[in-house]
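Count residues from 1 along the sequence.
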Amino acid sequence: MQYNQLKEAIVKILQKLQLPINEDVVNMISEVACVESNCGDYIKQINGPACGIFQIEPNTAKDILNNFLVFRTQYKNKVMSTYINSMSLEENLMYNLAFSVAMCRVFFLRITESIPSTVEKRAEYWKKYYNTIYGKGTIEDYIRKVEKYAR
């Protein structure tokens, strides 16, 4: 997927759903797609459970739905308005861009620390909260992939 088109789609989806949005949020979400799936080159993790361009694991999505959104109906209703009932959670994460963008946005809403304003700091933020110490991704990979896809 072309990076600028992805950013435009993210903005439109977040605006339509009236989820919190600013430039750092849009950059964070679009950069996660760059890093996690090479900006949409693949939608299913090889030898793993992660799904969609943001590579959200179904267990993470279930945790968001059952332990975060259940107490925040102002967000839950918006996110679930994008969910396609005839598809499974995994299929929604893989094939439903609006749902996966909303889930990625809500993932970051769970974090009390604000999304940083520079690529370098977002790389550290991604590693700490999204990829975690257990993930194979590195801060250097994040920066390199963002530079590659965001040109």
Side-chain angles (χ1 to χ4, degrees), residues 1-58 60-62 64-65 68-69 74-111 113-132 135-151:
M1 185 179 295
Q2 203 269 345
Y3 182 78
N4 287 331
Q5 289 180 6
L6 175 62
K7 280 185 80 167
E8 183 179 315
I10 290 167
V11 168
K12 286 184 180 190
I13 290 165
L14 294 178
Q15 286 175 338
K16 184 160 182 84
L17 296 176
Q18 298 177 327
L19 290 170
I21 182 174
N22 62 39
E23 184 177 351
D24 296 333
V25 166
V26 173
N27 287 333
M28 184 84 239
I29 294 172
S30 57
E31 289 168 11
V32 166
C34 290
V35 175
E36 295 289 338
S37 68
N38 295 336
C39 212
D41 277 355
Y42 54 93
I43 56 172
K44 180 75 174 93
Q45 183 181 20
I46 299 168
N47 299 320
C51 300
I53 64 171
F54 304 108
Q55 293 293 283
I56 298 171
E57 293 186 6
T60 300
K62 288 174 189 171
I64 290 169
L65 293 168
F68 183 78
L69 288 178
Q74 77 274 26
Y75 297 135
K76 181 180 181 183
N77 296 336
K78 294 171 183 180
V79 171
M80 294 312 292
S81 74
T82 68
Y83 191 86
I84 300 171
N85 289 319
S86 62
M87 297 190 328
S88 68
L89 177 61
E90 291 83 359
E91 289 169 332
N92 270 282
L93 289 168
M94 285 190 285
Y95 308 125
N96 181 345
L97 184 61
F99 180 74
S100 60
V101 166
M103 289 297 285
C104 188
R105 177 62 187 112
V106 172
F107 178 94
F108 290 112
L109 283 173
R110 300 183 313 166
I111 301 166
E113 183 182 342
S114 296
I115 294 173
S117 60
T118 68
V119 171
E120 295 78 14
K121 292 293 182 186
R122 284 192 298 273
E124 293 171 11
Y125 187 89
W126 164 83
K127 181 61 185 170
K128 181 177 180 181
Y129 296 112
Y130 203 89
N131 186 257
T132 75
K136 293 180 183 175
T138 67
I139 292 168
E140 295 75 24
D141 285 341
Y142 184 104
I143 294 168
R144 181 180 49 77
K145 286 185 177 184
V146 168
E147 287 174 354
K148 176 181 177 180
Y149 293 105
R151 348 183 178 131

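- The distance from atom CZ of R105 to atom CG of L17, rounded to the nearest 0.5 Å, is 11.5 Å.
- Contact between P20 and L109 at its shortest, heavy atoms only, is CG-CD2, 3.9 Å.
- E36 and N131 get closest at one heavy-atom pair: OE2-ND2, 4.3 Å.
- Residues forming a side-chain hydrogen bond (donor to acceptor under 3.5 Å, both in side chains) with D24 (at least two apart in sequence, or on another chain): none.
- Contact detail for N96 and M87: the closest heavy-atom pair is CB-CE, 4.1 Å.
- Residues passing the ring-ring contact (aromatic ring centres under 6.0 Å, His included) test with Y42: none are found, sequence neighbours excluded.
- Taking CD of E120 as the reference point, atom CD of E140 lies at 11.0 Å (rounded to 0.5 Å).
- In summary, the aromatic rings of F68 and F107 are positioned with their centroids too far apart to meet the 6.0 Å limit.
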Yes or no on side chain to side chain contact (heavy atoms under 4.5 Å, CB included) for C51 and Q45, after CA distance, side-chain angles and deciding distance?
CA-CA 6 Å; C51 300; Q45 183 181 20; over 6 Å; no
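- Between the side chains of Y129 and E113, at least one donor N or O sits under 3.5 Å from an acceptor N or O.
- A distance of 11.0 Å separates CG of L97 from CD1 of I43, quoted to the nearest 0.5 Å.
- At least one side-chain heavy atom of Y142 sits less than 4.5 Å from a side-chain heavy atom of R122.
- You'll find the side chain of L6 reaches within 4.5 Å of the side chain of I53, heavy atoms only.
- Within the 4.5 Å cutoff, the side chain of E90 has no heavy atoms near those of the P49 side chain.
- No more than 12 heavy atoms of other residues, nucleotides or ligands shown are found within 6.0 angstrom of CD on E23.
- With a 4.5 Å cut-off on side-chain heavy atoms, M103 and F54 do not count as touching.
- Within the 3.5 Å criterion, the main-chain N or O of S88 finds a donor-acceptor partner in the side chain of N92.
- Applying the salt bridge (charged side-chain N to carboxylate O under 4.0 Å, His left out) test to residues at least two apart or on different chains, the pairs with a partner in residues 2-14 are E8-K12.
- Side-chain contact check for V11 versus I21: some heavy-atom pair is nearer than 4.5 Å.
- With contacts defined as side-chain heavy-atom distances shorter than 4.5 Å, the pair L14/V101 qualifies.
- Looking only at side-chain heavy atoms (C-beta outward), Y149 and E31 stay at 4.5 Å or farther from each other.
- The structure places CD1 of I84 at 9.5 Å from CD of E91, a figure rounded to the nearest 0.5 Å.
- Of the inter-residue distances, the one linking N77 atom CG with L69 atom CG reads 9.5 Å to the nearest 0.5 angstrom.
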Check the pair K121 / E124 against side chain to side chain contact (heavy atoms under 4.5 Å, CB included), numbers first and verdict last.
CA-CA 5 Å; K121 292 293 182 186; E124 293 171 11; 3.6 Å; yes
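- A pairwise comparison of heavy atoms in K127 and G135 identifies NZ-O, 2.9 Å as the closest pair.
- Taking both residues in full, the closest heavy atoms of L93 and P58 are given as CD1-CA, 4.3 Å, listed atom of the first, atom of the second, then distance.
- With respect to the salt-bridge test (charged N to carboxylate O, under 4.0 angstrom), the residues E147 and R144 do not qualify.
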Quick one, V25 with F108, criterion side chain to side chain contact (heavy atoms under 4.5 Å, CB included). Give me CA distance, side-chain angles, the key distance, then yes/no.
CA-CA 9 Å; V25 166; F108 290 112; over 6 Å; no
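- For the atom pair OG (S100) and CE (M94), the distance works out to 11.0 Å, reported to the nearest 0.5 Å.
- I56 is listed as a side-chain neighbour of C104, based on a closest heavy-atom distance under 4.5 Å.
- Each of D141, V146, I139 was scored for a side-chain contact (heavy atoms from CB on, under 4.5 Å) with I143, with one residue passing: I139.
- Taking the six-membered ring where the residue is Trp, Y83 and F99 present perpendicular rings, their angle passing 60° and hence far from 30°.
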Audit row: V35, Y130, side chain to side chain contact (heavy atoms under 4.5 Å, CB included) steps and yes/no
CA-CA 11 Å; V35 175; Y130 203 89; over 6 Å; no
